[in-house]
Amino acid sequence: MKDYARAVVIGGGVVGVSALYHLAKLGWTDTVLLERTELTAGSTWHAAGLLPLFNMSYSVGQLHQYSVELYKTLEKETGQDVGFHPNGNLRLATNNDRMDEYRNYQCTAETIGVECHLISETEIKELWPLANTEGLVGALWHPTDGHIAPVDVTMALAQGARLFGATIHQNTNAKSIERNASSEWVIKTDKGNITCEHVICCTGNYARTTAGIVGLQIPAIPVEHQYIVTDIDPVLEEYRRAGNNELPVLRESDSSYYLREERMGWILGPYEKGAPICFADGVPNTFEKDLFPGDLERLMPHVEAAMFRVPSFENAGIKDIVNGPISYTPDGNPMVGPAFGLENFWISEGHSFGVTAAGGAGWQIAEWIINGEPTVDMLGVDPRRFGVVSKNFAKIKNEEAYAHVFVNHFPMEEREEARPAKTTPVYHKLDEAGAVWGARFGWERPNWFAPQNVRRKDNYSFRRSNWFEHVGNEVRAVRENVGLLELSSFAKYEIQGSKAREWLDSLVANSIPKGIGNMTLAHSLNHSGSIRSEYTITRMRDGLLGERFFVVGPGAAHDIDLDFLQRQMPRDGSLQLIDRTTQYGVFILAGPNARKVLEKVADADVSNQAFKWLTMQEIPIGFCPSVTSMRVNFLGSLGWELHHPIEYQLQLFDALHAAGAEFSMTNIGVRAMESMRLEKSYRLWGTDLNAENSALEANLQKFIKLNKGKFTGREALISQQEKGVPNQFCTLEIDSDDADSFGNEPIILDGKVIGRGTSGGYGHYVEKSLLLGYVETEKAIIGQKCHVRLLDQLRPATIIAESPYDPKNIALRA
Ligand SMILES: Cc1cc2nc3c(=O)[nH]c(=O)nc-3n(C[C@H](O)[C@H](O)[C@H](O)COP(=O)(O)OP(=O)(O)OC[C@H]3O[C@@H](n4cnc5c(N)ncnc54)[C@H](O)[C@@H]3O)c2cc1C
């Protein structure tokens, strides 16, 4: 066995082999794959081989699309047949909400170039003559995907990897993974040791065990997944013998199953409620290339639904039930990227559509390793997006994610299970006040407040729904009076040291604030000039170690940012980074009367002269001796972010409300904030600010100081500045009175896609349906008329000036 390689992939399923193939293809031929038994022996051998392009996630959608294109070329490249059947797939809809889901998906598909069509009942019958179309309102038709032979595609990738020069060692079990004195990884196997720079874990059902070896706790726990293989269906046989083509894969989302042809019979695969997780404590030694016993009772509702939809299905006797472990994660998407806290340790685990995702996942992880960054925005699959969660949390969420595969994916959907997980001290008070909760990064956050006698529940829809009016009232309360939002989920870090300024300066595009109490909005960029993260950086009073900065970032980016910042820390101990996220709560007090409320409780002069916009003061409020009060907020009204020691949160809340009573101060939720930040064209990290668009495209010029010296991304921005950028960030007003954008909608001019929406919604105060997004530079002109596809309709839209509310920031400066 080789004892040194540049990179070692652990796991010889389709995902690991694809990572190997792509590393070798990109030039890292000194790459080795270790497989404990034989290639495909994990979940890959028993997969049904479906390749659905359908995916609501922008990241995953691109990975799937790449895979399908790659698999079509593999036979030519490697000589190995992959059994690709491009028979397309048909997703049926029995109700209009489902059609809305497809319409919404179609917008995402259009922005990434996936071909799909909405079709009528008559067209369904033409494509699928054996189907009973009763009760159907339409379908979504993907003509270019289909299914593939999972073992064959893995073998073709393996063959390709070998042709590029990579090595595969089968029957080689990676038993331990350690660092040596040179910071290389040493993998101990039953065949000897291998030292390498990079480790890529692709161990499928063994993910938690492998990750556990290096001290990681990852939420990739498998669920039992079954499909039925039937005998010959005589009706199908006759249909095919008559010279008809293979029927498209059929998915009946509202009955949660897929159906495809298999040797003149069928494969029926349901996503059942109550499918249990398995191997939460690791795969037992007794389970090799095995399956679980079939559970027909769990399958029956889906069998009956399939018999209704395809009456001849009844004639085909059950030949086999395949019940195997399928890896899952809390949101159902895989984990592809760097592992938290471990240099050169990579994960491609938790794949539930692994055959479909493997091509794209291998491509992107190889780029990430070799080039330092992927080209696709991988946020939706970043392994660090969950933070650290317990096994119990993952067990419940993974079962939920499995059961949700065919559940209608409403854009504002909040999933119910394993909640509440993380709460702040005011949780019960906000709950009593009528909060309708959502969860982000595990934190409970009020989405909106239901007034008395209003049902505290979201009625999900792709159009305006039951919270619309109440969110509107919250927005108006802030814009005209005063509101309070609890948003403790912000990530907060304290950075201190003699080189703190120099260090921060090298990480972000803006200059670092000089005077104590000054603050700045700063973006950390990728080498390509795209946006990695966004921070508010405030200079605090110096600490014992030197200059001190308070850095506030997006709550959902907590682990991604913390990991990034820790990796950049000098190793000489000259800098201290303290994660203050759970030590500080945050209230946002905003509105024209915010100052009047604050001056009643703050032991400080909070007048405009004494406390200027974009500054911070540490002031006593109520019983809290020091609240880090920042005159800044994401709502775009006069206001303060009040970062307080969490132990004072309840008292502070009561004090602020007591002071605010005189002004009928209102609690507000995150959906009101969302509406207000759209009205100010404030970009949101993760959507508007992303890894695919550069900071210049995002029009962040006023936050970029190219002359300040070196920082990551500077060279790319200088070059882009010379050449010009392909897109520009724009604010659009859409002519719509019943539905709003959710982001990811195509922006269309003369029938051509000229841009992509990245976020949108209703601006309640400006009374406009708004969309933020990127438009081709030459078309990004204020006043430009175009269209935006909302669901299935092309709505007239206009590019408008930034910040439709208070463009001169008069309210903020008041
Ligand atoms: C019934 C069923 C039907 C499915 N149908 C589909 C489908 O139609 N379409 C689709 O896209 N997906 C489908 N899937 C999911 C698909 O099977 C998986 O997503 C995919 O196979 C995962 O591939 P993988 O490489 O991540 O894991 P695996 O195939 O499980 O491979 C992991 C490999 O790692 C090896 N390994 C583990 N630990 C070590 C170690 N310490 N040292 C060395 N090697 C190690 C294992 O032996 C194993 O070979 C289905 C799954 C099931 C259960």
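Predicted model only: the values in this text are computed from it and were never measured. Throughout, numbering of the chain's residues begins at 1 and tracks the sequence. Both counts, for ligands and for their atoms, begin at 1 and track the order of listing.
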Protein residue, atom and distance nearest to [atom], heavy-atom basis:
atom: atom 27 (O) of ligand 1; value: Gly204 CA, 3.5 Å
atom: atom 43 (C) of ligand 1; value: Arg36 N, 3.1 Å
atom: atom 48 (C) of ligand 1; value: Glu35 OE1, 3.4 Å
atom: atom 23 (O) of ligand 1; value: Thr44 OG1, 3.4 Å
atom: atom 8 (O) of ligand 1; value: Leu50 N, 2.8 Å
atom: atom 34 (O) of ligand 1; value: Gly11 CA, 3.2 Å
atom: atom 31 (O) of ligand 1; value: Gly13 CA, 3.4 Å
atom: atom 2 (C) of ligand 1; value: His225 CD2, 3.4 Å

Which of the atoms in ligand 1, numbered in the order shown and given with their element, are less than 4.0 Å from a heavy-atom of [X]?
X: Val355; answer: 10 (C), 11 (O), 12 (N)
X: Val15; answer: 23 (O), 24 (P), 25 (O), 26 (O)
X: Asn173; answer: 40 (C), 41 (N), 42 (N)
X: Ala48; answer: 3 (C), 4 (C), 5 (N), 6 (C), 7 (C), 8 (O)
X: Gly12; answer: 33 (C), 34 (O)
X: Val14; answer: 23 (O), 25 (O)

Given that the side chain starts at C-beta and the backbone is N, CA, C, O, which of these parts of [X] lies under 4.0 Å from ligand 1, counting heavy atoms, or is it both or neither?
X: Thr172; answer: backbone
X: Ser352; answer: backbone
X: Ile10; answer: side chain
X: Cys202; answer: backbone

Checklist entry - According to the interplanar angle, ranging from 0 to 90°, do the rings of Trp266 and Trp128 count as parallel (below 30°), tilted (30 to 60°) or perpendicular (above 60°)? => result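 Trp266 and Trp128: parallel rings.
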
Item to check | Parallel, tilted or perpendicular: ring planes of Tyr66 versus His22, cut at 30 and 60 degrees | outcome: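 Judged by the thresholds at 30° and 60°, the geometry between Tyr66 and His22 is tilted.
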
Surrounding [atom1] of [X] (heavy atoms of other residues, nucleotides or ligands, distance under 6.0 Å), is the total greater than 12?
X: Lys273; atom1: NZ; answer: no
X: Gln170; atom1: CD; answer: yes
X: Arg263; atom1: CZ; answer: no
X: Asp3; atom1: CG; answer: no

Option of least heavy-atom distance to [atom] (set: [options]):
atom: atom 37 (C) of ligand 1; options: Tyr206, Phe292, Tyr328, Tyr227; result: Tyr206
atom: atom 30 (O) of ligand 1; options: Ser43, Cys201, Gly324, Ala357; result: Ser43
atom: atom 13 (C) of ligand 1; options: Ala47, Ala174, Gly49; result: Ala47

Item to check | Verdict with reasoning, His302 to Phe406, per ring pair (Phe, Tyr, Trp, His ring centres under 6.0 Å) | outcome: CA-CA 12 Å; His302 309 276; Phe406 279 115; 9.1 Å; no

Item to check | Check: Phe279 ring centroid to Tyr206 ring centroid under 6.0 Å | outcome: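 That pair fails the under 6.0 Å test.
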
Considering both backbone and side-chain atoms of [X], is one of its nitrogen or oxygen atoms within less than 3.5 Å of a nitrogen or oxygen in ligand 1?
X: His351; value: yes
X: Thr210; value: no
X: Ile326; value: no
X: Pro325; value: no

Next on the checklist: To check you understand the geometry: which heavy-atom pair defines the closest contact between Asn205 and Ser43, and what is its length?
Outcome noted: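 Looking at all heavy atoms of both residues, the shortest contact is ND2-OG, 3.2 Å.
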
Checklist entry - Could you walk me through whether Arg6 and Glu197 pass the salt bridge (Lys or Arg N to Asp or Glu O under 4.0 Å) check? => result CA-CA 5 Å; Arg6 187 141 193 213; Glu197 264 177 58; 3.4 Å; yes

Checklist entry - Is Glu272 reaching over with its side chain to a backbone N or O of Leu299, donor-acceptor style, under 3.5 angstrom? => result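 No; zero donor-acceptor contacts below 3.5 Å.
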
Pairs of donor and acceptor atoms involving the side chains of residues 333-348, under 3.5 Å and at least two apart or interchain, shall be tabulated with distances.
unit_1	atom_1	unit_2	atom_2	d
Trp346	NE1	His198	ND1	3.0
Ser348	OG	His351	NE2	3.0

Item to check | Stepwise ring pair (Phe, Tyr, Trp, His ring centres under 6.0 Å) check, Tyr271 with His404 | outcome: CA-CA 8 Å; Tyr271 282 81; His404 265 67; over 10 Å; no

Return a table of donor-acceptor pairs under 3.5 angstrom between the side chains of residues 146-168 and protein atoms on other chains or two or more places apart.
unit_1	atom_1	unit_2	atom_2	d
His147	NE2	Glu246	OE2	2.7
Thr154	OG1	Pro150	O	2.6

Next on the checklist: Pair Val249, Leu51 - check side-chain contact (heavy atoms from CB on, under 4.5 Å), show working.
Outcome noted: CA-CA 10 Å; Val249 176; Leu51 294 179; over 6 Å; no

